[in-house]
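Here the structure comes first, spelled out in structure tokens, and everything after it is commentary.
Below, read A as the first sequence line, B as the second, and so on, with proteins coming before strands; counting in each chain starts at 1. Only this structure's heavy atoms are used, side chains among them; waters, hydrogens and symmetry mates stay out.
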Amino acid sequence: MKKIVLAVPKGRISNDLIPLLEKMDIKIENDFFDSTTRKLYFKTNYKNFEIIRVRSFDVATFVAFGAAQIGVAGNDILHEFQYNEIYSILDLKIGKCRLSVAKTKAEINQTDEQKGHILVATKYKETVINHFAEQGIRAECIKLNGAIELAPKLGICSTIVDLVSTGNTLKENNLVETEVLLNITSRLIVNKIAYKIMNSDITNWVNRFERAINE
Amino acid sequence: MNNFLLPEGFRDTLPNLAAKEVSILSIFCDLMLKTGYQIVKPSLIEFEKSLFFLNIDRENVNSFRLLDPLSQKMMGLRSDMTTQIARIASSTLKKKRPLRLSYFGEILKVKNSQLKISRQSTQLGAEFIGINDTCDEFEMIELVIMFLNKLKIDDYSISFSMPSLFNAVSRDFNLDKIQKQALKNCYENKNLSEINKISKQLKELSTILINSIGPFSKNIKILEKSNFPTNTKEQIDDYITSLKFIKSKLKDTEINIDPIEIDKFGYHNGILFKFYSKNFEELISGGKYNISNENCIGFSCLLENLSKESYIEQKIVKKIFIPHSEKNVNRAELIKKEFFIVDGFREVLGDMTKNQEIKNDCDYILINNSVMKNK
């Protein structure tokens, strides 16, 4: 059996993923659960199955390069990067949220004539540009990596596109969710070449994930 | 900003790597000429109309464009040479059949993939125009294998797919445009969850196809044992016939099958093959296609990918180091004696290190115009 590396994202999805991995009888070494550890590479109770923990935006990149053969990434990230080297093979039904447009109340009341051009704060530049282009609007993106809701408050722009879970953060920052771009869940992604040349090993793990989801 | 900074995705190839790439090209040309694949060198620039004649959507091509001041027509810098070979074969050389051609040259892309930022590559490949049967198909695969062997790349696997199968399945289930796109997405991601909405039978058939992905020896039986509707069956039968013939010739080679791989080029109509290295790198790809009712097969690859995986080394046994201080060196005489000249740099007082490494790498040294063994 060849070694399989699973890339998992840091943060919220990681918490949803652990019960799923437990259902699959995967036991990760203790350091994985230690919030102070600087380790990024973790062993499991399976000799040929190891885990790397990286930023959610980097999971797809690691898998596309073949550094990890499989990974867990939200479809927001897959949509943003559109990697040709990846199969999005399974909906893990975890990490549910949505990618939404939110605006200040003043922006919502703008007339149509003023909407041919829009300034948007977001992490999802490509997704946003394509989405607004379909509506005939030229979106210019201000790339922020966090605290995106602050941008309208501080006068940087009036529109943001970001992940929304409960909507509370938007409300607290006087923003109104106006449009849902994508409904998001985490997907099991697989490197295309690995899927071809290590098919039986990878299919084995994909099937185990599938069984765990349906349990 | 440094004035000599190159645009993103462009680079100079410097010594050692450049030498390795030239060696690979030399091996390629030697093999092609010996195996009857005549070398052609298509033009770097063509008018848009001819350069993109194979592309259905002429707008959607990844090529630099420029305006010809003479004719006032738009021209394109090639981003793929295979269409140029097809043009030559169907125009200038249309009376010569069967036609075996090979080619190499620089290609430029406006944008490469997310992973590969390089916008400049050297493409090489071969095309066999006017093929008849599976023997002819195998000739191309054998040619690729010979080439890889010569490059000392022996740890690879081959994956075979059948891009025309997707259209056959779509025809068998009378899929409309939207359904066809949904099926394509499912096949592209090997994820059948959305197919149920179209048809239960389609999901059953697609599950068989997806389960057949994997090692040939184990999974070909899945295809052989299953029943398929008319159009799909025809394609599957062709696929199995080709694969069995190839496997009978390549008993020890790792062969994987993936019948539902979607063809990104969109013009392949028979088997498609891809050679992968164990480092998850695509080495060479190719396949069968049809131009003006002629069956053809070809392969193509990028020099950079081969260079990364190849272990060829230049066999230079008589390197001679010539210090910069050496005067009136008879270089022609040294070359006649089959020495490989390595020139020293001008030494600056206080920094004698720059020549040390290259000097240590030489077998001989020239001192006062006499060849001495380098200790």
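Heavy atoms closer than 4.5 Å to chain B are found nowhere in A:Ile202, neither backbone nor side chain. If you measure heavy-atom distances from A:Leu90 to chain B, the contacts under 4.5 Å come from the backbone alone.
No more than 12 heavy atoms of other residues, nucleotides or ligands shown are found within 6.0 angstrom of CD1 on B:Ile117.
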Is there any N or O donor on one of chain B and chain A with an acceptor on the other under 3.5 Å, and could you list each such pair with its distance?
residue: B:Gln114; atom: NE2; partner: A:Phe81; partner atom: O; Å: 2.8
residue: B:Asn189; atom: OD1; partner: A:Ser88; partner atom: N; Å: 2.9
residue: B:Lys190; atom: NZ; partner: A:Tyr87; partner atom: OH; Å: 3.4
residue: B:Asn191; atom: ND2; partner: A:Ser88; partner atom: O; Å: 3.3
residue: B:Asn191; atom: ND2; partner: A:Ile89; partner atom: O; Å: 3.4
residue: B:Asn256; atom: ND2; partner: A:Lys196; partner atom: O; Å: 3.4
residue: B:Asp258; atom: OD2; partner: A:Lys196; partner atom: NZ; Å: 2.5
residue: B:Glu261; atom: OE1; partner: A:Tyr87; partner atom: OH; Å: 3.4
residue: B:Glu261; atom: OE1; partner: A:Lys196; partner atom: NZ; Å: 2.4

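B:Gln235 is linked by a side chain to side chain contact (heavy atoms under 4.5 Å, CB included) to B:Met162, B:Ser164, B:Leu165, B:Ala168, counting only residues two or more places apart in sequence or in another chain.
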